[in-house]
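Reviewing the structure listed below.
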Amino acid sequence: QVQLVESGGGLVKAGGSLRLSCTASGNYFSIHDMGWSRQAPGNQRELVAIITDNGRTNYANSVKGRFTISRDNAKNTVYLQMNNLKPEDTADYYCDADIHTGEFGRRIYWGQGTQVTVSS
């Protein structure tokens, strides 16, 4: 069993910052790519940022220059630093991880989500 647990969401005013964390736990061999996605009611889930096992990153155009994804492999944790938040950033944020569960086991796991609300 593998679990991803997010934290750090909340209510913030426009222009403010939040730092999301997601920690993996359970039985697995290794973690490869990790990322963050978000979904607002009535919207499609949007990929926000990804980070590979060798530290390469990619971002959605809507968050470039404002969000930074990072990871701490020793803590099995991925972070999303969100600066200069805008009301359109309001959504449920989900972390995901490409996890190698064994010699022939590999799949994407998702966290339960953490809510981010940005007021005007």
Side-chain angles (χ1 to χ4, degrees):
Q1 186 71 36
V2 178
Q3 293 179 315
L4 298 175
V5 180
E6 301 101 331
S7 63
L11 175 64
V12 65
K13 294 181 179 180
S17 298
L18 287 173
R19 190 191 193 200
L20 307 183
S21 300
C22 174
T23 299
S25 63
N27 296 321
Y28 56 86
F29 184 74
S30 62
I31 303 175
H32 297 277
D33 297 355
M34 305 184 78
W36 290 92
S37 298
R38 65 187 182 186
Q39 187 170 27
N43 289 7
Q44 297 284 335
R45 184 171 293 192
E46 175 189 21
L47 176 64
V48 174
I50 57 172
I51 183 167
T52 69
D53 53 4
N54 60 13
R56 297 186 179 184
T57 60
N58 198 19
Y59 299 90
N61 288 333
S62 59
V63 305
K64 285 182 178 178
R66 299 188 298 119
F67 291 10
T68 302
I69 188 171
S70 61
R71 63 193 291 171
D72 186 336
N73 292 333
K75 297 180 179 179
N76 303 313
T77 299
V78 61
Y79 305 95
L80 186 68
Q81 178 67 46
M82 305 185 294
N83 297 326
N84 191 25
L85 283 161
K86 303 176 180 180
E88 51 263 43
D89 295 319
T90 295
D92 290 330
Y93 283 71
Y94 301 87
C95 71
D96 68 89
D98 180 8
I99 295 181
H100 188 191
T101 57
E103 183 177 4
F104 302 106
R106 185 169 178 172
R107 60 170 289 184
I108 302 296
Y109 290 85
W110 294 89
Q112 81 287 352
T114 185
Q115 188 175 47
V116 172
T117 302
V118 184
S119 63
S120 300

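These numbers come from a predicted model, not from an experiment.
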So, for Ser37 and Asp96, which heavy atoms are closest and what is the spacing to 0.1 Å?
OG-OD2, 4.1 Å
Using the side-chain contact (heavy atoms from CB on, under 4.5 Å) criterion, which residues pair with Lys64? Sequence neighbours excluded.
Tyr59, Asn61
Residues in side-chain hydrogen bond (donor to acceptor under 3.5 Å, both in side chains) contact with Ser119, at least two apart in sequence or another chain:
none
Rounded to the nearest 0.5 Å, what's the gap from CG on Asp92 to OG1 on Thr117? Could you check?
8.0 Å
Could you tell me if the side chain of Thr101 sits less than 4.5 Å from the side chain of Tyr109, heavy atoms only?
yes
At what distance, to the nearest 0.5 angstrom, does OH of Tyr93 lie from CD of Gln115?
11.0 Å
So, do Arg106 and Asp98 sit near enough that their side-chain heavy atoms are less than 4.5 Å apart?
yes
For residues Met82 and Val116, determine if any side-chain heavy atom of one lies less than 4.5 Å from a side-chain heavy atom of the other.
yes
Identify all side-chain donor-acceptor contacts of residues 20-28 below 3.5 Å with residues at least two apart in sequence or on another chain.
from: Thr23; atom 1: OG1; to: Thr77; atom 2: OG1; distance (Å): 2.9
from: Tyr28; atom 1: OH; to: Asn76; atom 2: OD1; distance (Å): 3.4
from: Tyr28; atom 1: OH; to: Asn76; atom 2: ND2; distance (Å): 3.4

Can you list everything that forms a side-chain contact (heavy atoms from CB on, under 4.5 Å) with Gln81? Sequence neighbours excluded, please.
Ser17, Arg19, Thr68, Asn83
What are the two closest heavy atoms between Val78 and Cys95, and how far apart are they?
CG1-CB, 4.4 Å
Sorted by chain and residue number, the side-chain hydrogen bond (donor to acceptor under 3.5 Å, both in side chains) partners of Asn73 (sequence neighbours excluded) come out as Arg71
Residues 39-53 side chain polar contacts: donor-acceptor under 3.5 Å, at least two apart:
from: Gln39; atom 1: NE2; to: Asn43; atom 2: O; distance (Å): 3.1
from: Glu46; atom 1: OE1; to: Arg38; atom 2: NE; distance (Å): 2.9
from: Glu46; atom 1: OE1; to: Arg38; atom 2: NH2; distance (Å): 3.3
from: Glu46; atom 1: OE2; to: Ser62; atom 2: OG; distance (Å): 3.2
from: Thr52; atom 1: OG1; to: Asn54; atom 2: N; distance (Å): 3.3
from: Thr52; atom 1: OG1; to: Asn54; atom 2: OD1; distance (Å): 2.3
from: Thr52; atom 1: OG1; to: Gly55; atom 2: N; distance (Å): 3.4
from: Thr52; atom 1: OG1; to: Arg56; atom 2: N; distance (Å): 3.1
from: Asp53; atom 1: OD2; to: His32; atom 2: ND1; distance (Å): 3.4

